[in-house]
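Every number for a ligand or one of its atoms is a count from 1 in the order of the listing.
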Amino acid sequence: MTLTSDAPARTRAERPLKQVHLAAHFPGVNNTTVWRDNSTAASQIAFSSFKHFAQNAEKGKFDFLFLAEGLRLREHKGLIHDLDVVGRPNTLAVLAGIAAVTSHIGLVGTLSSTFNEPYELARQLSSLDHLSGGRAGWNIVTTFDAFHGENFRRGKFLDGADRYARAEEFVAVARQLWDAWSPDAIAADKAGGDFLAEDAIGLVDHHGPQFDVTGFPTLPQSPQGRPVIVQAGDSADGRGFASRTAEVIFSRHAKFEDGQKFYTDVKGRLAAVGRHRDSLKILPAATFILGDTEQEARERSRETALLQVSPQTAIAFLEQVWGTDLGGYDPDGPLPDIDPVSTDQGVTRGRVRHDSDPAAIARGWRALAEAEGLSIRDLVIRFAATHTFVGTPVHVAETINRHVQEDASDGFVIVGSSNPTGLDEFVDRVIPELQERGVYRTEYEEGATLRRTLGLPV
Ligand SMILES: Cc1cc2nc3c(=O)[nH]c(=O)nc-3n(C[C@H](O)[C@H](O)[C@H](O)COP(=O)(O)O)c2cc1C
């Protein structure tokens, strides 16, 4: 099926119910995974954790499992940030392992276009697609800062302005590599006659500002031809890149109005590049807390938030904005009355920053804390541990469905608060509610690739 931009747009009232698409985010690369509670916490690295997480997500018929990537342990005040989850195994090795213990769920890994090379990465992703029967996806991030660059002998390596130029050329080269083996020629060869590589495999001969690649790729086209392309940057350049390239956006716009604004913006860019609205799915990250009653869910949400934001975490979070040591402040007291230190680097290294004006953030936070009587810890909970969906399973399912039907998203990347059992309750209690409403699959389609599972043009 090929969707073109000529298809008439249908109003929301005219179209059939949209299907909800869900991804399962393996906790890691953050400091809000609850690891102090021995009844729920297990290893971030052991294969048994990945296996449980993946098999549970597959039981819940999730579209794909998602791994974030951190190429360097974060540091805080010159030391490894010991409030962070530590342990970040190689993405592709983990996904290859998971491929062997699952059979339908998509396998999406976050991999940097700045610190990889297209020939090697295209080959690895193609291998994953072959090994998994067409379930591979690539979340392209541009991870460009000097801190990560030090691990790769290139220092800063790329200015912000160049990172999407490199990402764009990276994808263009990868596509040539994925497309180089002609399926028709290979089929003809297989049907009889000799295998004539020069007829079946096109030479990739790319010369551009970022890459020179000349050679024959080592693999035939994988089941999907190309892995599903996911993107997670949020700047204007990032959104432009996504509209030209991505099939899924992992966004941070999970709130209803904000989600609708982002959805309208990005989907609105597609026609200009000749793409249909349905060729790109938008899945914001979302957390959840369930309860038998709304009251119980709210209480659990508060308890979980207090575990996610310890007194030390609250101070460290503030220090990331203030850029200076705030160890003398009481986490249960008011916000610091001093202004943030103006520095490019601050005290935290390795964290993705979405806001660039610490003084403005501090002013806004102080005003909010004063207006609502929030302590440092309360304020940090508000920003770092406010759960997206809190309520009974019915309430959460209905809220998710409303976001999808009213174009605030096409679904969500669900992030649990513990590992590896953090999504078990969601699968057991929320998924059946979505299924009952006819907006979520009850079975995977046999033999479907990830692209097909996602309802993308194949
Ligand atoms: C929801 C979300 C998740 C992200 N996850 C990762 C990640 O796991 N690893 C990483 O290196 N960068 C991650 N990023 C960073 C982005 O891919 C990108 O490099 C960064 O946001 C800068 O691009 P931008 O200026 O377009 O936002 C994430 C960004 C967003 C919005």
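- Residue-to-ligand polar distances keep Ser251 apart from ligand 1: every N/O pair is separated by 3.5 Å or more.
- Atoms of ligand 1 found under 4.0 Å from any heavy atom of Glu69 (numbered from 1 in listed order, with element): 7 (C), 8 (O), 9 (N), 10 (C), 11 (O).
- Tyr440 places a side-chain N or O within 3.5 Å of a backbone atom of Phe62 that can act as its donor or acceptor partner.
- Counting heavy atoms closer than 4.0 Å to ligand 1, residue Thr143 contributes atoms from both its backbone and its side chain.
- Numbered from 1 in the order shown, with element, the atoms of ligand 1 that lie under 4.0 Å from a heavy atom of Ser235 read 24 (P), 25 (O), 26 (O), 27 (O).
- Of the options Val141, Thr142, Leu71, the smallest heavy-atom separation from atom 6 (C) of ligand 1 is shown by Val141.
- Checked by atom type and distance alone, the side chain of Arg135 never pairs as donor or acceptor with a backbone atom of Leu107 at under 3.5 Å.
- When each atom of ligand 1 is checked for a heavy atom of Tyr164 under 4.0 Å away, the hits are 23 (O), 24 (P), 26 (O).
- Those atoms of ligand 1 with a heavy atom of Thr110 less than 4.0 angstrom away are 7 (C), 8 (O), 9 (N).
- Only the side chain of Arg163 comes within contact range of ligand 1, with a heavy atom under 4.0 Å; no backbone atom does.
- Under the salt bridge (Lys or Arg N to Asp or Glu O under 4.0 Å) test applied with Glu247, the options Arg226, Arg451, Arg275, Lys281 reduce to a single match, Arg451.
- Under the 4.0 Å criterion applied to side-chain N and carboxylate O atoms, Asp407 and Arg15 are assigned as salt-bridge partners.
- In summary, the atoms of ligand 1 found under 4.0 Å from a heavy atom of Ala68, numbered by their order in the structure, are 8 (O).
- Using a distance-only test at 3.5 Å, with no hydrogens or angles considered, a donor-acceptor pair links the side chain of Asn116 to the main chain of Ser112.
- Using modelled atom types, one side-chain atom of Glu319 and one backbone atom of Leu326 make a donor-acceptor pair closer than 3.5 Å.
- With hydrogens and angles ignored, the 3.5 Å screen pairs no side-chain donor or acceptor of Arg72 with any backbone N or O of Arg349.
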